[in-house]
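This report concerns only the one structure given below.
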Amino acid sequence: MRKNYCLLLLLICQSLYLSAQSGMQKKADRLYENFAYTKAIDVYKDLLEKDYNVEHNQRQLADSYFQLRDPENAAPLYAKVVEQAGVSPEYYYKYAQALRGVRRYDESRQWLKKYLEEGKNENFVEDLLNEESITTYPGLETFRLENADFNSEFSDFGAYKSNETIYFTSARAKGAKNPKIYDWNGEPFLDIYSIPSKNGILEPLSGDVNTIRHEGPLVISKDGKTMYFTRNNYLKRDGKKDEDGVNHLKIYKASLVDGIWTNIEELPFNNDNYSVGHPALSKDGETLYFASEAPGGFGGSDLYKVSVKNGIFGSPENLGEKINTPGNEVFPFAAEDGRLYFSSDGHKGFGLLDVFVVDPEKQEKIYNLGEPINSNLDDFSFTVSSEDISEGFVASNRPGGKGGDDIYRLKIFAPLMLKGTVTDSINGKPIANATVRLMDENRQQIAFLETDSLGYYETQIRRDMRYSIEAKHIKYVQKSGTVNSFDTDDQTELVYDIELSPVNDVEYLAEINKIYFDFDKHNIRPDAAAELDKLVNLMKNDYPELVIEIGSHTDRRGSIEYNRRLAERRAQSTYDYLVENGIDPERIVTYKGYGEEQPEIDCNNCNEVQHQLNRRSIFKVVKME
């Protein structure tokens, strides 16, 4: 009897335990379905510690971390999930994305390949698998980032400067006594804040923009009178949800009246069943860019544009499959120069969301902005000040911030002007038409220049680089060097002068032809005198320290001894001409006749042309300096 009682008690305990775990499971899944990921995580972790429904809870916990953009915690969980029998191939892609987020790029490619083997999103995955390096923005600007001094321990992003005021989005709930908490991440709902430059006081945006739901990011018209901003589907204390209970995002318009943002209006292309947000205005204010999950797009969230003329909106247009991918494209920003910046996790990048730039009209090439703008985590809401193009902002959840998402101030340095003069190392004179070639660290040519009449060259380069440089000219020895553009933030130009050593060849330097003689003669012919005059000019005006030797020669007609004496007379004539025209005899160390021993054309039955080429005087450089 006692034994049966104990067994019954054990069964009751087991039943109560299973019932409790089942209740916890329902609670965790309900929290997940309601997007309360931070709360769901705690419950899923408890369930896994009790080894309850392990495979399901591993998937849910991994997905919860993934939704919170936390690849460091998601990756080890997905490593277990992808080993589960019959798991959905979508988890291969999620695991690959998480691996990118922790910089394990080779492993990420392996799981993308496995995803591709399942026939999923072939073109999209093949693009991500392309072994070519990331197509990095080729512009020569340099970006410096520093943590904005107005960040908080909560999420801060979407910084935008207009009319000397910084606007940004934050979950800090400044001034709220009992702020409403967003279950997704456990932080207060987002509001828009402003920091006017006139007083520097950070305050919630004045007027009717902020509500108990999410607001931000925003854009303001050039005249400063109209704001377009993102908000949950919530207007006049009325919040609407779709049939699945989701309260989507919409774009609203506000007007500045007596310094207060008011007259809130919903834009006509919003929809209760999908999100529309992240507004951005073109320079002329006639095009509004935005992100949306509207049906018929290419992925999770696509970029769109709509015309705005006299307050009338046209029909939204998808920006197309070159810009949009099966991933997510969000946070567009239209710069003053017409370029469109946006964030994407569908184009090849360094991690999760990266910032990209494109000409929205031509769409010839989409460039990743590279580091330090982009990291292995989320980088988004890139903006540049219309008032000072050397300033801007970007947001990121990379390590080193104060909260989940942090705002980073951008200092944008213009390209550095590399300039210099190519001169003769002996006389210091400028060398015109010298070629200067500049190469990057991979020896790829990035500039090919030619000096002007003053030996001057210039080109724009990036900072923080080490370049190889080569200068050459037919009359000079080629010279190579290194240009270092590090530590140049306080400079607008970098001077790199180059000295080239002249070649040891008088004929090249003076641009003279050989000195020829008539048959059996040693006098200086008029054509030879013209060439010798060039040599005199070179030795007097270009290289006053040049020391040479003269060698004279004959053809093979006549005896060896006769030809030797004839060659000596020719050498003497050449020497005399130079000395008579002002060349110091000490600068001609030797003038020697070689007869027929060193023919220019080695022939036994020479024709007259060949004989003439052998009757000559030549010069060699002994010393240049």
Side-chain angles (χ1 to χ4, degrees), residues 69 141-176 179 182 185 187-206 209-210 214-220 227 229-230 278-280 330-336 341-343 350-355 357 369-414 464 489:
R69 316 299 288 180
E141 304 97 318
T142 300
F143 300 100
R144 299 276 186 259
L145 274 65
E146 63 177 19
N147 217 304
D149 55 7
F150 51 84
N151 280 320
S152 69
E153 65 270 28
F154 299 98
S155 291
D156 302 291
F157 62 94
Y160 169 79
K161 190 173 184 179
S162 175
N163 296 316
E164 296 300 317
T165 297
I166 297 172
Y167 300 87
F168 67 99
T169 302
S170 178
R172 66 188 63 200
K174 179 178 170 61
Y182 183 36
N185 58 9
E187 292 190 346
F189 276 74
L190 299 166
D191 280 332
I192 297 173
Y193 291 80
S194 66
I195 310 175
S197 62
K198 60 184 178 182
N199 59 28
I201 299 174
L202 187 157
E203 293 289 354
L205 190 69
S206 61
V209 171
N210 289 328
H214 287 308
E215 281 79 34
L218 69 136
V219 67
I220 297 175
M227 174 188 291
F229 67 96
T230 309
H278 304 175
V330 288
F331 292 97
F333 171 73
E336 291 283 299
Y341 296 85
F342 65 95
S343 287
F350 294 91
L352 301 181
L353 284 175
D354 270 12
V355 181
V357 62
L369 279 195
E371 297 176 313
I373 297 297
N374 291 320
S375 68
N376 60 306
L377 296 179
D378 288 318
D379 308 289
F380 58 101
S381 69
F382 178 97
T383 64
V384 177
S385 170
S386 61
E387 299 152 10
D388 184 352
I389 60 171
S390 70
E391 296 179 347
F393 298 97
V394 70
S396 179
N397 62 345
R398 68 186 67 185
K402 292 177 68 175
D405 298 319
D406 286 287
I407 296 168
Y408 292 83
R409 287 184 181 270
L410 296 180
K411 183 65 177 175
I412 306 171
F413 291 90
D464 301 342
D489 287 359

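Side chains are part of it too, since the values below use all heavy atoms of this structure and drop only hydrogens, waters and symmetry mates.
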So, [X] side chain and [Y] main chain: donor-acceptor pair closer than 3.5 Å or not?
{"X": "Asp379", "Y": "Val355", "answer": "no"}
{"X": "Tyr167", "Y": "Leu205", "answer": "no"}
{"X": "Glu387", "Y": "Asn163", "answer": "yes"}
{"X": "Asp378", "Y": "Leu352", "answer": "no"}
{"X": "Ser385", "Y": "Lys161", "answer": "no"}
{"X": "Thr383", "Y": "Ala159", "answer": "yes"}
{"X": "Tyr182", "Y": "His214", "answer": "no"}

How about Ser390 and Asp388: does a side-chain donor come under 3.5 Å of a side-chain acceptor?
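Yes.
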
Closest heavy-atom pair and its distance - [X], [Y]:
{"X": "Asp406", "Y": "Gly401", "answer": "OD2-CA, 3.1 Å"}
{"X": "Gly400", "Y": "Tyr408", "answer": "C-OH, 4.2 Å"}
{"X": "Ala334", "Y": "Ala280", "answer": "N-CB, 4.1 Å"}
{"X": "Asn210", "Y": "Pro204", "answer": "ND2-CB, 4.1 Å"}
{"X": "Ser155", "Y": "Asn185", "answer": "OG-ND2, 4.5 Å"}
{"X": "Pro332", "Y": "Phe342", "answer": "CA-CB, 4.1 Å"}

Gap between atom [atom2] of [Y] and atom [atom1] of [X] - 0.5 Å precision:
{"X": "Arg172", "Y": "Phe150", "atom1": "CZ", "atom2": "CZ", "result": "8.0 Å"}
{"X": "Leu377", "Y": "Asp405", "atom1": "CG", "atom2": "CG", "result": "10.0 Å"}
{"X": "Ile166", "Y": "Arg409", "atom1": "CD1", "atom2": "CZ", "result": "4.5 Å"}
{"X": "Glu141", "Y": "Leu369", "atom1": "CD", "atom2": "CG", "result": "9.0 Å"}
{"X": "Lys402", "Y": "Asn147", "atom1": "NZ", "atom2": "CG", "result": "7.5 Å"}
{"X": "Leu190", "Y": "Ser170", "atom1": "CG", "atom2": "OG", "result": "7.5 Å"}

Is there a side chain to side chain contact (heavy atoms under 4.5 Å, CB included) between Ile195 and Tyr193 once you walk through the steps?
CA-CA 7 Å; Ile195 310 175; Tyr193 291 80; over 6 Å; no

Students often mix this up, so state it plainly: with edges at 30° and 60°, are the rings of Phe380 and Phe331 parallel, tilted or perpendicular?
tilted

Pair Leu202-Phe168, side chain to side chain contact (heavy atoms under 4.5 Å, CB included): steps then yes or no:
CA-CA 10 Å; Leu202 187 157; Phe168 67 99; 3.6 Å; yes

Start with the C-alpha gap between Leu353 and Arg69, add the side-chain angles, then the distance that decides, and say whether side chain to side chain contact (heavy atoms under 4.5 Å, CB included) holds.
CA-CA 10 Å; Leu353 284 175; Arg69 316 299 288 180; 3.7 Å; yes

Check whether any side-chain heavy atom of [X] sits under 4.5 Å from a side-chain heavy atom of [Y], and report yes or no.
{"X": "Pro279", "Y": "Leu218", "value": "no"}
{"X": "Pro217", "Y": "Tyr160", "value": "no"}
{"X": "Leu145", "Y": "Pro372", "value": "yes"}
{"X": "Phe143", "Y": "Ile412", "value": "yes"}

Check the pair Val384, Glu336 against side chain to side chain contact (heavy atoms under 4.5 Å, CB included), reporting the backbone distance first and the verdict last.
CA-CA 8 Å; Val384 177; Glu336 291 283 299; over 6 Å; no

